[in-house]
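Heads up: the structure comes next, in C-alpha cells.
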Amino acid sequence: MEDFELPQLASECCRPNIGEVLSSVVSQIDRQLKSGSGELLLTGVSTGFPEIDRLTLGLQAGELIVIAGRPGSGRYALALKIVEHIAGTLGQPVVFHSLTNTVEEVGLRLLSCTSGVDSYRMRTGQLDESDWQNISSGLATLHSALLAIESNPRGDIESCIERTRQHAKHFGRPLGLIVIDDFHAFSFVGNQCNLSEARFNALGALHDLAVDLNTPLLILSQLDAQVDRRHDIKPSLADLPRSGFIEAVADTILLLHRDYDHEFDVNPPRGKRQCFIKIHEAKSRFDFSGECQIPLAKGLMPISLHWGTQSA
C-alpha cells in the first residue's frame with residue numbers, strides 16, 4: 001500500500017487559540033465593568049420595553065426570536081410596539097410580513113399603537129379633537145419611518161425570504177428587525193415533505209436568513225389550546241405546537257399570557273384602557289430565564305420584574 005500523506009496545512013490555521021479567545025472574552029467583561037454608567041449595556045436592538053431588554057439584552061442580530069401566546073394574549077400588539085420603537089424611534093429599517101392581515105389592517109393597528117387611540121373608535125369614527133391630535137402625531141412618527149409592510153396571504157415562504165432580501169438591498173443598510181406574523185400561516189402545498197419536516201425546514205431557512213442579513217428575525221406563533229384548559233395558565237415550551245420544532249431552532253422564546261389579577265377597570269376613562277401581560281423567557285442563548293410584566297398602553301412604564309435564575 002502506498003504511503004498516504006496528509007496535506008500540509010498552514011501552521012497559522014492549526015495552532016491552539018484558546019488564549020486569544022479568553023483574552024477577547026476578558027476584554028469584553030472589562031469594558032462592561034469599566035463603563036461605570038450603572039446602566040444595562042445592550043448587545044442587541046432595544047425593544048422599547050426596558051424590562052424585556054433586561055431579560056434579552058436586546059434583540060440579537062442573526063437570531064431567531066419567537067413570541068408565542070394564545071389569541072388575546074397581546075403578542076400582536078407587543079410586536080407592533082416593538083416595530084414602532086425600532087422603526088419610528090430608533091430609525092432603523094424594519095420589514096413586516098403579514099400572513100394573516102392586509103397591509104391596511106396592519107397600518108391601522110400600527111397607527112393605533114403609535115397614537116394611543118383605540119382602534120375600535122378609529123374604525124367607527126368616534127373621535128374627538130384630542131384623538132385627531134394624537135393621530136396626527138402618530139402619522140408624523142410613522143410617515144418617515146423606514147418600514148416596509150408586506151402582505152403574503154398565500155403563505156409563500158420563498159416569496160417572504162426573497163422580498164426581505166430585496167428590501168434589505170433597497171434600504172442599503174442593515175435591517176433593525178424582520179417580523180413574520182404568523183409562522184403557522186405558512187402554506188406548504190405541493191411540498192414533497194410532510195408537514196412537520198416542511199415546517200422544520202422553513203424554520204431553518206428563516207434562521208439562515210437572519211444570519212445572512214445579520215438581523216434579528218421575530219416570528220409570532222400560537223400556543224396549543226390546552227393552556228386555556230389548565231388551572232395554571234402559565235405556558236411552557238411544551239405548549240408550543242410540536243409539529244414546528246420551534247423550541248429546537250429558535251434562539252430566544254418569549255411566552256405570553258394575560259395577567260388577570262391586574263386587568264383594566266370595567267369602566268376606564270376614555271383612552272386609558274390597560275392590558276397587562278406577563279412574559280416568560282423560556283429559552284435564551286444567555287442561559288438565563290426570567291419573567292416581566294408590562295402594560296400595553298401608551299405612556300405607561302413596565303410594572304415589575306421578577307428576576308429569573310441561571311439555567312443548568
Side-chain angles (χ1 to χ4, degrees), residues 41-50 52-53 56-67 75-117 119 122 133-153 156-183 205-220 251-252 254 296 298-299:
L41 297 181
L42 302 182
T43 58
V45 182
S46 171
T47 63
F49 291 93
I52 298 179
D53 289 344
T56 63
L57 298 183
L59 304 180
Q60 308 300 311
E63 290 198 349
L64 185 66
I65 301 127
V66 175
I67 293 180
R75 60 195 171 110
Y76 191 72
L78 176 60
L80 290 182
K81 291 294 290 185
I82 293 174
V83 167
E84 173 206 341
H85 177 72
I86 295 177
T89 303
L90 301 183
Q92 298 185 24
V94 175
V95 179
F96 188 102
H97 293 276
S98 177
L99 281 67
T100 57
N101 293 303
T102 65
V103 293
E104 290 80 11
E105 174 66 19
V106 176
L108 186 145
R109 291 287 300 274
L110 187 59
L111 180 59
S112 175
C113 285
T114 307
S115 65
V117 179
S119 62
M122 291 174 64
Q133 291 177 351
N134 291 331
I135 290 175
S136 297
S137 177
L139 288 171
T141 299
L142 293 174
H143 191 268
S144 58
L146 300 177
L147 173 59
I149 301 175
E150 289 276 340
S151 178
N152 188 346
D156 184 358
I157 187 170
E158 288 79 11
S159 173
C160 178
I161 292 175
E162 179 59 27
R163 290 293 293 171
T164 300
R165 294 188 183 279
Q166 291 176 4
H167 281 298
K169 184 177 181 180
H170 175 77
F171 282 128
R173 52 185 292 193
L175 298 177
L177 182 65
I178 304 166
V179 181
I180 295 177
D181 171 44
D182 128 349
F183 174 73
L206 293 175
H207 195 283
D208 290 343
L209 178 67
V211 173
D212 290 344
L213 297 181
N214 195 33
T215 301
L217 194 155
L218 174 64
I219 65 175
L220 303 186
D251 298 291
T252 298
L254 303 177
L296 286 179
K298 184 177 177 64

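Heavy atoms only: backbone and side chains are in, while hydrogens, waters and symmetry mates are out.
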Practice task
Apply the test side-chain contact (heavy atoms from CB on, under 4.5 Å) to residues Leu90 and His85: give CA-CA distance (whole Å), side-chain angles for both, the deciding distance (0.1 Å), then the verdict.
Solution key: CA-CA 6 Å; Leu90 301 183; His85 177 72; 3.8 Å; yes
Open item on the list: When you compare the side chain of Leu254 with that of Arg75, does any pair of heavy atoms fall below 4.5 Å?
Closed with: no
Heavy atoms, side chains only, cut-off 4.5 Å: are Phe49 and Leu78 in contact?
yes
Exercise for review: Check whether any side-chain heavy atom of Thr215 lies under 4.5 Å from a side-chain heavy atom of Val95, and answer yes or no.
Suggested key: no
Rounding to 0.5 Å, atoms OG1 (Thr100) and CG (Leu220) come to a distance of 8.5 Å
When you measure from the side chain of Gln60 to the backbone of Gly58, do you find a donor-acceptor pair of N or O atoms at a distance under 3.5 Å?
yes
Interatomic distance, CG@Leu64 vs CG@Leu218, rounded to 0.5 Å, equals 8.5 Å
Thr56 side chain to Leu59 main-chain N or O, any donor-acceptor pair under 3.5 Å?
-> no
Sequence neighbours excluded, the answer for side chain to side chain donor-acceptor pair (under 3.5 Å) partners of Arg163 is Glu150, Gln166
Nearest heavy-atom contact between Glu63 and Thr252 is OE1-OG1, 3.7 Å
When rounded to the nearest 0.5 Å, the distance separating OG1 of Thr164 from CG of Leu213 is 7.5 Å
Indicate yes or no: at least one non-hydrogen side-chain atom of Pro174 is less than 4.5 angstrom from one of Asn214.
no
Less than 4.0 angstrom from a charged side-chain N to a carboxylate O is my criterion; do Glu84 and Lys81 meet it? yes
Taking every heavy atom of Leu217 against every heavy atom of Ala210, the minimum-distance pair comes out as CB-CB, 3.8 Å
Smallest heavy-atom separation, Ile82 atom then Leu177 atom, equals CG2-CD2, 3.9 Å
Rounding to 0.5 Å, atoms NE2 (His207) and CD1 (Ile219) come to a distance of 10.5 Å
Practice problem: Determine, step by step, whether Tyr76 and Asn101 satisfy the side-chain contact (heavy atoms from CB on, under 4.5 Å) criterion, reporting the C-alpha distance in whole Å, the side-chain angles of both residues, the deciding distance to 0.1 Å, and the verdict. | Solution: CA-CA 11 Å; Tyr76 191 72; Asn101 293 303; 3.7 Å; yes
Would you say the side-chain atoms of Asn152 pair up with the backbone N or O of Ile157, donor to acceptor, closer than 3.5 Å?
no
Shortest non-hydrogen pair, Asp182 vs Leu99, comes out as O-CD2, 3.8 Å
Exercise for review: In sequence, state the C-alpha distance, the side-chain angles, and the governing distance for Phe96 and Val103, and then conclude on side-chain contact (heavy atoms from CB on, under 4.5 Å).
Suggested key: CA-CA 10 Å; Phe96 188 102; Val103 293; over 6 Å; no
OG (Ser46) and CD1 (Ile52) are apart, to the nearest 0.5 Å, by 9.5 Å
Correct closest heavy-atom pair for Ile65 and Pro216 would be CD1-CB, 3.7 Å
Within the 4.5 Å heavy-atom criterion, are Pro93 and Arg173 side-chain neighbours or not? yes
Worked verdict on Leu206 versus Ile178 for side-chain contact (heavy atoms from CB on, under 4.5 Å): CA-CA 10 Å; Leu206 293 175; Ile178 304 166; over 6 Å; no
Tightest non-hydrogen contact, residues Leu80 and Cys113, listed as CB-SG, 3.9 Å
Distance col, row His143:NE2 vs Leu111:CG, nearest 0.5 angstrom, shows 12.0 Å
